[in-house]
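What follows is a short report on a single structure.
Model, not experiment: these values are computed from the prediction. Numbered from 1 within each chain, the chains take letters A, B, ... in sequence-line order.
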4 protein chains.
Amino acid sequence: MDTPIQFQIQTGSPEPIYRQLMEQLRRRVAAGQWKAGQELPSVRELAGLLAVHPMTISKAYGLLEAEGLLQRRRGLSMVIAAGHERPAPKAERIERLRPTLERAAAEARELAIPKQQVLDLLARLLDDEGKPR
Amino acid sequence: MDTPIQFQIQTGSPEPIYRQLMEQLRRRVAAGQWKAGQELPSVRELAGLLAVHPMTISKAYGLLEAEGLLQRRRGLSMVIAAGHERPAPKAERIERLRPTLERAAAEARELAIPKQQVLDLLARLLDDEGKPR
Amino acid sequence: MDTPIQFQIQTGSPEPIYRQLMEQLRRRVAAGQWKAGQELPSVRELAGLLAVHPMTISKAYGLLEAEGLLQRRRGLSMVIAAGHERPAPKAERIERLRPTLERAAAEARELAIPKQQVLDLLARLLDDEGKPR
Amino acid sequence: MDTPIQFQIQTGSPEPIYRQLMEQLRRRVAAGQWKAGQELPSVRELAGLLAVHPMTISKAYGLLEAEGLLQRRRGLSMVIAAGHERPAPKAERIERLRPTLERAAAEARELAIPKQQVLDLLARLLDDEGKPR
DNA sequence: GTGGTCTAGACCACA
DNA sequence: GTGGTCTAGACCACC
């Protein structure tokens with residue numbers, strides 16, 4: 001009973017789409033939400049779903065394969081590579097989150113927003129998270 | 001007794017330098033830390049301090065001027081434009097912080113890090129803020 | 001059957017090239033001669049045609065994008081942004097012309113040229129417009 | 001009974017102030033409104049009146065002197081140079097106006113404003129001209 | 001001294 | 001192919 005493999009992208013964002021895809025996948029695998037053996041949507045299928053150029057998907061898949069996170073199987077379909085059966089240690093996952101939080105902290109300070117209000121807002125956003133966007 | 005105008009940049013970051021400068025200045029002005037009439041470091045001076053090309057600074061200044069945040073004075077260095085004497089309302093500043101926190105929340109969820117641990121880490125980073133760097 | 005997007009610049013003019021391009025585009029769009037969705041010549045192509053440095057074109061395009069008049073499409077050339085399907089109201093277009101005419105009127109008065117002769121010359125220039133150059 | 005020597009400047013304009021002064025003087029002299037021997041306000045006086053830096057006035061005067069339009073007299077005061085007793089021929093003055101009208105015509109065409117409306121507006125502005133601004 | 005414009009050219013990122 | 005960023009450096013205009 002695996003979490004289905006679905007990606008969320010923001011086309012307006014300055015972060016390139018292929019990189020959004022890669023980051024999402026890396027995080028889900030690190031969290032153990034997506035596991036070794038799970039099959040990914042085909043390039044064309046995902047491109048259709050997200051309404052982006054197939055080459056964009058292909059680039060993300062290719063880089064993840066080179067990185068060892070994905071594995072290309074006989075025909076064409078990709079799966080999460082072996083060796084990713086279990087979540088990464090929690091400490092490591094927290095480390096991965098740190099840069100984004102550091103950035104948030106720096107911005108909050110530049111905006112002179114009191115600590116507690118920053119934490120309140122983040123708490124609310126973490127609760128909301130379950131909701132569909 | 002104004003906060004002196006100083007910029008911090010990260011040359012390795014994917015975010016372009018000129019945009020880092022713009023964002024920082026926008027936030028400091030919104031926070032009321034830098035105020036209308038304050039004089040900015042000259043293009044050449046800042047370029048020297050940050051060890052970047054003067055045109056990079058000039059681009060940031062020029063865009064901020066087009067935006068109405070800075071004001072050019074013929075033959076003199078630029079100043080924060082009139083109309084920015086007071087901080088933006090706190091609600092508005094919090095809105096500006098929201099996207100970054102939203103992103104952090106999304107990443108935390110993808111990494112399956114429990115809410116409290118995320119908040120703890122951010123709290124710690126907000127405390128550190130004053131000292132290091 | 002759109003008017004093709006072509007720019008005319010004067011390299012000798014005190015008005016910077018990138019600004020000439022911006023003004024021309026703004027006016028053509030306001031006039032409804034160039035419309036939302038029309039594709040602009042690529043930076044390199046236009047730079048070649050006008051024999052200027054690509055960065056000069058890029059600067060004009062970038063500023064117009066910040067202004068909302070152009071729209072960037074990743075990996076593709078830029079287009080006139082949505083929301084500019086119809087010409088601006090005639091009254092607004094006339095207002096845009098007013099500063100230049102005001103200047104002309106002031107100069108004519110300083111030169112003590114009779115009103116009718118000024119109007120005659122302008123009428124002639126407006127007629128010529130289609131042909132030369 | 002000469003027209004008094006008074007200058008109008010626009011500090012917001014992209015045209016540099018010293019050049020505005022030069023152009024105005026050249027046109028008034030060409031029109032015969034200001035004549036040989038008339039005394040100009042002193043640099044400091046005019047700088048005070050217009051609220052600009054004395055060096056700006058000084059630059060304009062200096063260039064006009066080099067050009068032969070102004071003449072420095074014994075003490076310090078400047079006068080319109082000899083040889084400018086009579087207006088320039090009307091044809092020449094009209095030629096001087098042409099570039100500004102050409103520009104107006106080009107803009108009107110880009111804005112797709114009908115010829116008659118352009119002429120009407122200019123006519124109105126030429127009538128207004130007498131009024132103080 | 002200030003900022004602005006432009007060129008030449010390298011290198012990156014995206015589709 | 002597309003646009004973007006940055007550097008190096010020249011030259012101008014203004015005060």
Given atom [atom1] of [X] and atom [atom2] of [N], what is their separation to the nearest angstrom?
X: B:Glu45; N: E:dG1; atom1: CD; atom2: P; value: 12 Å
X: D:Leu50; N: F:dC15; atom1: CG; atom2: C1'; value: 15 Å
X: C:Glu15; N: E:dT5; atom1: CD; atom2: P; value: 11 Å
X: D:Ile57; N: F:dC15; atom1: CD1; atom2: P; value: 10 Å
X: C:Glu39; N: F:dG1; atom1: CD; atom2: P; value: 15 Å
X: C:Ile9; N: E:dT5; atom1: CD1; atom2: C1'; value: 13 Å
X: B:Arg73; N: E:dG3; atom1: CZ; atom2: P; value: 10 Å
X: D:Leu63; N: F:dC12; atom1: CG; atom2: C1'; value: 15 Å

Response to the item:
Residues at least two apart in sequence or cross-chain that pass salt bridge (charged side-chain N to carboxylate O under 4.0 Å, His left out) with D:Arg44, listed by chain then number, are none

Fill in: Contacts of A:Arg26 that satisfy side chain to side chain donor-acceptor pair (under 3.5 Å) - sequence neighbours left out
A:Glu23, A:Glu67

Worksheet item: Residues two or more places apart in sequence or in another chain: which of them pass side chain to side chain donor-acceptor pair (under 3.5 Å) with A:Gln6?
Response: none

Taking [X] for its side chain and [Y] for its backbone only, find out whether a donor-acceptor pair lies under 3.5 Å.
X: B:Gln38; Y: B:Lys35; answer: yes
X: A:Glu110; Y: A:Glu107; answer: no
X: C:Glu85; Y: C:Gly83; answer: yes
X: B:Arg28; Y: B:Trp34; answer: no

Worksheet item: Can a donor-acceptor pair be found between the side chains of B:Ser77 and B:Glu39 at a distance below 3.5 Å?
Response: yes

Worksheet item: Is it the case that C:Thr3 and C:Gln33 place a side-chain donor and acceptor less than 3.5 Å from each other?
Response: no

Could you write out each protein N or O paired with an N or O of nucleotides 7-11 of chain E at a distance under 3.5 Å?
residue	atom	partner	partner atom	Å
E:dT7	OP2	C:His53	N	2.8
E:dT7	OP2	C:Thr56	OG1	2.8
E:dA8	N7	C:His53	NE2	2.3
E:dG9	N7	C:His53	NE2	3.4

Worksheet entry | F:dT5 OP1/OP2 closer than 4.0 Å to side-chain N/O of B:Lys59 | yes

Worksheet item: Hey, does the side chain of A:Tyr18 come within less than 4.0 Å of E:dA15's phosphate (OP1/OP2), counting only N and O?
Response: no

Fill in: Rounded distance [0.5 Å steps], CZ in C:Phe7 versus CD in C:Gln20
11.5 Å

Worksheet item: Taking side chain as C-beta onward, heavy atoms only, is C:Leu70 less than 4.5 Å from C:Ile80?
Response: yes

Worksheet item: Any idea which of F:dT2, E:dT5, E:dG3 is nearest the C:Ser42 side chain?
Response: F:dT2

Worksheet item: Any idea which of F:dG3, E:dT5, E:dG3 is nearest the C:Pro16 side chain?
Response: E:dT5

Discussion item. Short of 4.0 Å, heavy atom to strand atom, which residues of residues 74-83 of chain B count as contacting DNA chain F?
Written reply: B:Arg74, B:Gly75

Worksheet, complete the sentence: Per the 3.5 Å Watson-Crick/G-U criterion and a run length of at least three, the stems involving DNA chain F are E:1-14 with F:1-14

Discussion item. With nearest nucleotide decided by heavy atoms, which residue, B:Ser58 or A:Arg19, maps closer to the 5′ end of DNA chain E?
Written reply: B:Ser58

Discussion item. Let's go through D:Leu50 and D:Thr56 carefully: what are the C-alpha distance in whole Å and the side-chain angles of both, what is the deciding distance for side chain to side chain contact (heavy atoms under 4.5 Å, CB included) to 0.1 Å, and is it a yes or a no?
Written reply: CA-CA 11 Å; D:Leu50 302 177; D:Thr56 305; over 6 Å; no

